[in-house]
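The structure appears right after this line, and notes come after that.
Residue indices begin at 1 and follow the sequence shown. Here the structure is a predicted model, which means the values were calculated and not measured.
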Amino acid sequence: MAGEFDIIQRYFRFPQGQGVVLGPGDDCALLAPEPGQQLAVTSDVLVEGVHFPEEAAPDCIGYKALAVNLSDLAAQGAEPLWVTLGLTLPHAEEAWLAGFAGGLRRLLERHHVSLVGGDTTRGPLAIAVTALGQVPPDAVLRRSGASPGDLICVSGTVGDAGLALMALQGEVSLPADAWQQVAPRLHAPEPRVALGLALRGVASACIDISDGLLADLGHLLDASAVGAVLRLEAVPFSAPVRQWLDAGGDPLRLLSAGDDYELLFTLPPEREARLSALAETAGVALTVIGEVQQGTGIRLFTPSGEAVRVKPLGYDHFGND
């Protein structure tokens with residue numbers, strides 16, 4: 001069985017990139033953001049049985065542990081540069097470590113991010129990642145910039161991860177082809193880094209969808225002191241989700257489900273013509289799903305024209321305490 005320092009040396013010694021003055025091996029890493037840039041920092045903890053099932057593939061766990069942090073950086077228009085990794089393991093299983101490190105490295109290399117330090121210890125399986133990036137002070141995307149009249153936009157499709165989780169928990173039965181489409185959205189979400197960079201100076205406010213579209217839109221509206229109208233028929237759903245909805249599924253269930261990791265942003269209406277170019281630059285579809293209004297709360301218009309006031313429900317770790 002490998003020891004703590006053997007684990008670090010064998011599985012987590014990756015090449016170092018931009019701005020790393022001193023990487024793993026000392027008590028601290030030394031990092032150098034570019035002159036004139038602000039440092040953006042985010043951290044997430046993933047716990048077995050809460051954020052991923054016990055049978056989850058280790059490469060997916062490594063990938064997702066980083067992806068959720070890169071999604072946070074994307075939501076603020078930050079360029080990801082460095083991460084630290086805290087890893088608690090019940091056992092040092094070589095096959096598991098190799099898979100985990102492989103999934104982590106795959107996403108690190110895709111976005112040219114350096115692993116610069118961290119810690120390993122024995123205990124229940126949990127992963128803590130802190131991601132750091134840089135962003136010009138005048139280009140930071142915030143939750144607090146939305147104004148009445150702004151368009152509400154979302155990237156990609158929503159609800160796929162929620163439907164996959166329902167299938168895993170035995171609440172729904174999906175055909176094999178539908179499962180193959182939605183499962184990667186739960187296990188290996190794509191952080192919209194390129195979109196976050198493209199939205200600098202364009203979006204008025206932005207947030208990533210981690211707790212559910214309704215919940216995260218609620219956070220954005222609260223920060224901006226505004227309300228919103230959503231149009232259900234405009235929300236982009238994938239084919240498997242639409243099939244589930246056509247069979248009687250509740251759309252509010254999936255609008256309240258987490259783990260989409262798409263970007264939800266607001267856009268002044270005079271910039272709507274730029275959406276096509278933004279989508280092409282970022283390589284993801286962008287859809288207008290509503291408008292920001294004066295007041296508070298969210299009104300959802302159904303395809304029949306009925307207006308329903310909805311609560312911004314989403315996942316809350318302590319919501320049932």
Side-chain angles (χ1 to χ4, degrees), residues 1-20 22-29 31 42-74 80-133 160-161 164-165 167-168 176 179-191 193 210 259 261:
M1 182 179 294
E4 176 183 352
F5 297 104
D6 291 331
I7 291 172
I8 296 171
Q9 186 66 36
R10 291 174 61 182
Y11 299 104
F12 301 108
R13 284 286 187 181
F14 301 151
Q16 302 297 291
Q18 177 182 348
V20 180
L22 181 64
D26 245 281
D27 291 306
C28 296
L31 309 172
T42 184
S43 185
D44 275 289
V45 178
L46 274 67
V47 178
E48 184 180 53
V50 178
H51 299 94
F52 56 89
E54 293 183 7
E55 64 273 15
D59 61 321
C60 290
I61 299 172
Y63 180 102
K64 188 171 183 178
L66 177 57
V68 301
N69 283 272
L70 296 189
S71 183
D72 283 335
L73 292 180
L81 293 174
W82 314 295
V83 298
T84 64
L85 170 66
L87 185 58
T88 303
L89 296 167
H91 307 286
E93 298 179 4
E94 294 188 5
W96 190 95
L97 283 163
F100 176 88
L104 178 69
R105 183 167 187 166
R106 176 160 53 99
L107 198 57
L108 287 171
E109 292 180 345
R110 182 184 303 171
H111 293 286
H112 308 290
V113 176
S114 300
L115 177 63
V116 297
D119 189 29
T120 58
T121 188
R122 181 187 291 271
L125 181 58
I127 304 102
V129 172
T130 297
L132 304 94
D160 298 271
L165 181 60
L168 273 180
W179 168 252
Q180 290 171 2
Q181 289 183 63
V182 299
R185 296 296 307 278
L186 177 64
H187 296 309
E190 183 62 40
V193 174
S210 56
D259 278 343
Y261 296 104

Quick one: are [X] and [Y] in side-chain contact, heavy atoms under 4.5 Å?
X      : Y      : value
Lys64  : Asp259 : yes
Val20  : Leu31  : yes
Glu93  : Pro58  : no
Tyr261 : Leu70  : no
Trp179 : Leu168 : yes
Leu73  : Val193 : no

Starting at [atom1] of [X], measure out to [atom2] of [Y] and round the result to the nearest 0.5 Å.
X      : Y      : atom1 : atom2 : answer
Phe52  : Ile61  : CZ    : CD1   : 4.0 Å
Leu125 : Phe100 : CG    : CZ    : 8.0 Å
Trp82  : Leu132 : CH2   : CG    : 7.0 Å

Pair Val83, Leu104 - check side-chain contact (heavy atoms from CB on, under 4.5 Å), show working. CA-CA 11 Å; Val83 298; Leu104 178 69; 5.6 Å; no
Which heavy atom of [X] sits nearest a heavy atom of [Y], and at what distance?
X     : Y      : answer
Tyr63 : Pro191 : OH-CD, 4.3 Å
Cys28 : Leu22  : O-CD2, 3.9 Å
Ala29 : Val116 : CB-O, 3.5 Å
Asn69 : Ala131 : CB-CB, 3.7 Å

Using a 3.5 Å distance criterion without hydrogens, assess whether the side chain of Ser114 forms a donor-acceptor pair with backbone atoms of Gly17.
yes
For Leu89, is there any backbone N or O sitting under 3.5 Å from a side-chain donor or acceptor partner on Arg122?
no
For [X], all residues meeting side-chain hydrogen bond (donor to acceptor under 3.5 Å, both in side chains), sequence neighbours excluded:
X      : value
Glu109 : Arg105
Thr42  : Asp72
Thr84  : none
Gln18  : Glu34

Residues at least two apart in sequence or cross-chain that pass salt bridge (charged side-chain N to carboxylate O under 4.0 Å, His left out) with Asp59, listed by chain then number, are none
Sorted by chain and number, sequence neighbours left out, salt bridge (charged side-chain N to carboxylate O under 4.0 Å, His left out) with Arg110 holds for Glu190
task: Output, in order, the C-alpha distance, side-chain angles, deciding distance and verdict of side-chain contact (heavy atoms from CB on, under 4.5 Å) for Thr88 and Thr121.
output: CA-CA 5 Å; Thr88 303; Thr121 188; 3.5 Å; yes
Would you list the atom pairs, donor with acceptor, under 3.5 Å between side chains in residues 182-189 and any protein atom, with sequence neighbours excluded?
{"unit_1": "Arg185", "atom_1": "NH1", "unit_2": "Thr157", "atom_2": "OG1", "d": "3.0"}
{"unit_1": "Arg185", "atom_1": "NH1", "unit_2": "Asp160", "atom_2": "OD2", "d": "3.1"}
{"unit_1": "Arg185", "atom_1": "NH2", "unit_2": "Thr157", "atom_2": "O", "d": "3.1"}
{"unit_1": "Arg185", "atom_1": "NH2", "unit_2": "Asp260", "atom_2": "O", "d": "3.4"}
{"unit_1": "Arg185", "atom_1": "NH2", "unit_2": "Glu262", "atom_2": "OE2", "d": "3.0"}

For Val47, the side chain to side chain contact (heavy atoms under 4.5 Å, CB included) test, sequence neighbours excluded, returns Val45, Val50, His51, Ala126
So the salt bridge (Lys or Arg N to Asp or Glu O under 4.0 Å) pairs with at least one residue in residues 82-92 (sequence neighbours excluded) are none
